[in-house]
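All figures in this text were calculated on a predicted structure; none of them were measured in a lab. The chains referred to below are lettered A, B, ... by the order of the sequence lines, with proteins before strands, and numbering in each begins at 1.
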There are 2 protein chains.
Amino acid sequence: MTHRVLVVDDDPTVAEVVASYLDRAGFTVDRAADGPAALARAAAERPDLVVLDLMLPGLDGLEVCRKLRDEGPVAVIMLTARADEDDRVLGLEVGADDYVTKPFSPRELVLRVESVLRRTTARAPSGPLLRGGSISLDPAARRAAQGDVELSLTIREFDLLAYFLRHPGRAHRREELMRRVWGWQFGDLSTVTVHVRRLREKIETDPATPTLITTVWGVGYRFDPPPDPDTSPHPPRTPDRPEQDPPL
Amino acid sequence: MTHRVLVVDDDPTVAEVVASYLDRAGFTVDRAADGPAALARAAAERPDLVVLDLMLPGLDGLEVCRKLRDEGPVAVIMLTARADEDDRVLGLEVGADDYVTKPFSPRELVLRVESVLRRTTARAPSGPLLRGGSISLDPAARRAAQGDVELSLTIREFDLLAYFLRHPGRAHRREELMRRVWGWQFGDLSTVTVHVRRLREKIETDPATPTLITTVWGVGYRFDPPPDPDTSPHPPRTPDRPEQDPPL
DNA sequence: TCGGATTCTTACGAAACGCGGACGGCGGGC
DNA sequence: GCCCGCCGTCCGCGTTTCGTAAGAATCCGA
């Protein structure tokens with residue numbers, strides 16, 4: 001994973017040193033000496049991160065930062081001459097991801113670049129998604145969506161749907177669902193029935209004739225991922241280990 | 001330049017070994033066995049750096065760290081038992097400069113102490129910024145801003161917001177927040193509720209209908225970074241630790 | 001076609017939950 | 001010492017959700 005970094009400094013010596021360190025650290029490095037040049041290079045190269053001197057001839061560093069941010073997703077590390085409180089506030093305001101005060105060691109700068117990139121590229125808000133047909137479900141975020149519309153599910157409905165998505169194309173007896181979703185060994189099985197119905201009400205286009213969660217008569221329910229072009233067109237295989245169920 | 005280092009650990013053996021290594025490395029070493037003692041020694045000796053066990057009898061290590069920081073500029077290296085990512089996050093949130101996971105080699109600890117001291121004495125304290133939507137937060141400086149207005153947050157509110165910013169788009173149970181932010185294993189969970197409400201009061205445009213910190217019914221809360229141009233429209237996958245969902 | 005078993009649908013009471021408001025304690029600053 | 005901000009706790013209220021019951025509808029085998 002080779003990241004692109006743009007170094008913006010009007011001092012050729014500083015830029016040279018920083019660039020060479022970053023280059024040796026394995027980054028693809030680009031350079032610019034002033035604000036307009038920086039914006040041009042950024043537009044052309046779409047860097048992942050910009051090391052930006054706060055003091056620039058022509059355009060102000062803060063202004064450049066703002067414009068960069070307007071262009072698209074890019075991390076910014078500010079270089080500021082003074083360890084001044086006001087500069088830090090300014091950096092905060094324009095949303096720099098980090099800042100380094102001069103004088104600084106190039107080694108430290110490299111570390112910060114790596115740190116910021118690790119942070120920003122890993123800025124993945126959600127976890128592994130469960131998918132089935134047009135339905136997607138994020139267990140960590142606890143949100144579910146059908147197509148582009150968010151589903152508002154209760155806890156039980158959410159857990160139930162999650163279980164179905166994890167075990168598609170398989171019939172589940174009510175006892176099993178009660179045990180796996182509710183965590184109860186006993187309990188009124190009609191509870192399962194009712195919750196399946198409530199879930200159907202929210203995800204089936206016609207709850208009266210369900211196509212996603214079908215009834216397996218005398219057994220229980222089965223979640224059938226619809227034949228979507230982007231899911232496997234072959235008969236659904238069950239990726240999970242066979243379930244041994246104590247006889248009712 | 002001989003630096004003063006304070007070693008805080010309730011295990012006499014650990015404290016002894018660490019202290020002797022640091023002593024041989026040329027540092028002036030002081031020791032304390034628990035939180036209150038640590039604060040007392042720190043107030044008296046004004047050390048340059050504190051090696052702090054996260055697990056302490058009496059006062060929590062994080063709390064001690066906070067109080068130390070309130071006293072004045074001091075570097076902190078955390079000792080944490082578990083190599084847990086979230087512990088690291090916690091340590092960094094309260095502003096630890098580095099952390100070492102047990103078991104560790106005393107030699108490595110000495111290296112880190114030297115490294116941190118080199119770093120902290122060389123420049124003014126600054127740190128990476130956390131961002132989420134229009135909110136930016138600087139853990140080291142302990143300041144937060146929304147857009148260009150500074151937020152005046154209390155300690156708890158700050159730590160809570162910091163935790164949310166580090167884990168955006170994920171649902172957090174109250175127990176989890178209590179553990180990660182407060183550092184308590186038990187405690188009245190309504191405390192979390194109240195602080196979330198107070199935080200909302202300060203960052204939500206309409207606290208009655210929150211959009212940043214949303215309630216996940218029956219679960220807890222989730223920080224939803226508003227649709228920023230710099231986050232992808234569809235949630236990408238994450239390197240985050242997989243989550244096992246307790247079926248309740 | 002008939003009958004029993006199974007599932008669907010609806011409704012309702014109870015419990016759980018979140019929220020807002022308020023209160024007392026504690027510690028720091030004046 | 002006194003005041004003020006922060007924190008943790010508690011209480012009442014409105015809302016959401018859950019589990020169960022009961023009647024209607026459906027399915028399958030005889």
Side-chain angles (χ1 to χ4, degrees), chain A residues 142 144 151-161 171-175 177-179 181-202 204 206-222 248, chain B residues 35-36 39 43 59-60 62-64 66-72 142 144 151-161 171-175 177-179 181-202 204 206-211 213-222 247-248:
Chain A
R142 288 232 142 224
L151 291 171
S152 93
L153 303 177
T154 70
I155 305 184
R156 292 277 131 90
E157 290 160 1
F158 187 92
D159 291 340
L160 187 57
L161 180 57
H172 308 283
R173 274 175 289 112
R174 286 179 177 73
E175 297 88 339
L177 292 171
M178 181 113 267
R179 206 153 33 81
V181 178
W182 273 257
W184 300 346
Q185 202 71 17
F186 54 94
D188 190 345
L189 294 183
S190 68
T191 296
V192 177
T193 309
V194 171
H195 276 87
V196 166
R197 175 184 140 17
R198 286 171 181 158
L199 183 54
R200 277 173 171 166
E201 200 73 35
K202 296 189 179 178
E204 298 279 0
D206 178 15
T209 59
T211 58
L212 294 170
I213 303 176
T214 54
T215 301
V216 184
W217 229 88
V219 180
Y221 301 99
R222 180 183 58 224
L248 87 124
Chain B
L39 292 175
L59 262 183
D60 186 275
L62 294 174
E63 196 61 33
V64 173
R66 253 194 293 265
K67 286 187 188 299
L68 282 173
R69 290 242 172 241
D70 288 343
E71 292 301 312
R142 289 235 138 220
L151 290 171
S152 87
L153 302 178
T154 69
I155 298 178
R156 293 292 192 235
E157 290 160 1
F158 187 92
D159 291 341
L160 187 57
L161 180 58
H172 307 282
R173 277 172 278 112
R174 284 180 177 73
E175 297 87 342
L177 293 171
M178 183 110 263
R179 204 154 30 86
V181 178
W182 274 257
W184 301 345
Q185 199 71 16
F186 53 93
D188 191 346
L189 295 183
S190 66
T191 296
V192 177
T193 310
V194 171
H195 277 86
V196 165
R197 194 210 328 161
R198 288 170 180 160
L199 182 54
R200 276 172 171 167
E201 205 71 37
K202 296 189 178 178
E204 298 280 358
D206 178 14
T209 60
T211 57
I213 303 176
T214 53
T215 301
V216 185
W217 230 90
V219 180
Y221 301 97
R222 180 182 56 222
L248 184 98

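Phosphate contact (OP1/OP2 of dG8(D), side-chain N/O of W182(B), threshold under 4.0 Å): present. Look at R156(B) and you'll find a side-chain N or O under 4.0 angstrom from OP1 or OP2 of dG8(D). Distances shown here put a side-chain N or O of T154(B) below 4.0 Å from the OP1 or OP2 atom of dC7(D). Under 4.0 angstrom from either OP1 or OP2 of dT6(C) there lies no side-chain N or O belonging to R174(A). The shortest distance between the side-chain N/O atoms of T215(B) and the OP1/OP2 oxygens of dC19(C) is below 4.0 Å.
Rounded to whole Å, atom C1' of dT17(D) lies 16 Å from atom CD of E201(A). The interatomic distance linking E157(B) (CD) with dG5(D) (P) rounds to 13 Å, in whole Å. Nucleotide dG18(C) holds its P atom 10 Å from the CZ atom of R200(B), rounded to whole Å. In this structure, CD1 of I155(A) is placed 6 Å from P of dC18(D), rounded to the nearest angstrom. The CD atom of E204(A) sits 16 Å away from the C1' atom of dT9(C) (whole-angstrom rounding). As rounded to whole Å, 15 Å separates atom C1' of dC8(C) from atom CG of L199(A). Here the C1' atom of nucleotide dC27(D) and the CH2 atom of W217(A) are 4 Å apart, to the nearest Å. Between the CD1 atom of I213(A) and the C1' atom of dT9(C) there is a distance of 16 Å, rounded to whole Å.
Note that the CH2 atom of W182(A) and the CD atom of E175(A) stand 12.5 Å from one another [nearest 0.5 Å].
With hydrogens and angles ignored, no donor-acceptor pair under 3.5 angstrom links the side chain of R197(B) to the base of dG8(D). No hydrogens or angles were tested; on distance alone, a donor-acceptor pair under 3.5 Å links the side chain of R198(B) to the base of dG8(D).
Checked against dT10(C), dT26(D), dC19(C), the side chain of V194(A) finds its nearest nucleotide in dT10(C). Listed nucleotides dT9(C), dT20(D), dC10(D) differ in distance to T193(A); the shortest reach to its side chain belongs to dT9(C). Comparing dC19(C), dT9(D), dT9(C) by their closest approach to the side chain of Y221(B) singles out dC19(C). The side chain of H195(A) lies closest to dC18(D), out of dC18(D), dT7(C), dT15(D).
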If you apply the rule salt bridge (charged side-chain N to carboxylate O under 4.0 Å, His left out), what do you find for R142(A) with D159(A), and how did you get there?
CA-CA 9 Å; R142(A) 288 232 142 224; D159(A) 291 340; 2.8 Å; yes
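Using modelled atom types, one finds a donor on one side chain and an acceptor on the other under 3.5 Å when comparing R200(B) with T215(B). For the 3.5 Å distance criterion, the side chains of T191(A) and D188(A) fail to qualify, holding no donor opposite an acceptor.
Using a 4.0 Å cut-off between charged side-chain N and carboxylate O, R198(A) and E157(A) make no salt bridge.
Residue contacts shown for V192(B) are absent, as no nucleic acid heavy atom lies under 4.0 Å away.
Position along DNA chain C of the nearest nucleotide to S190(A) versus P207(B) favours S190(A) as the more 5'-ward residue.
Taking both residues in full, the closest heavy atoms of T211(B) and E204(B) are given as N-OE1, 2.8 Å, listed atom of the first, atom of the second, then distance.
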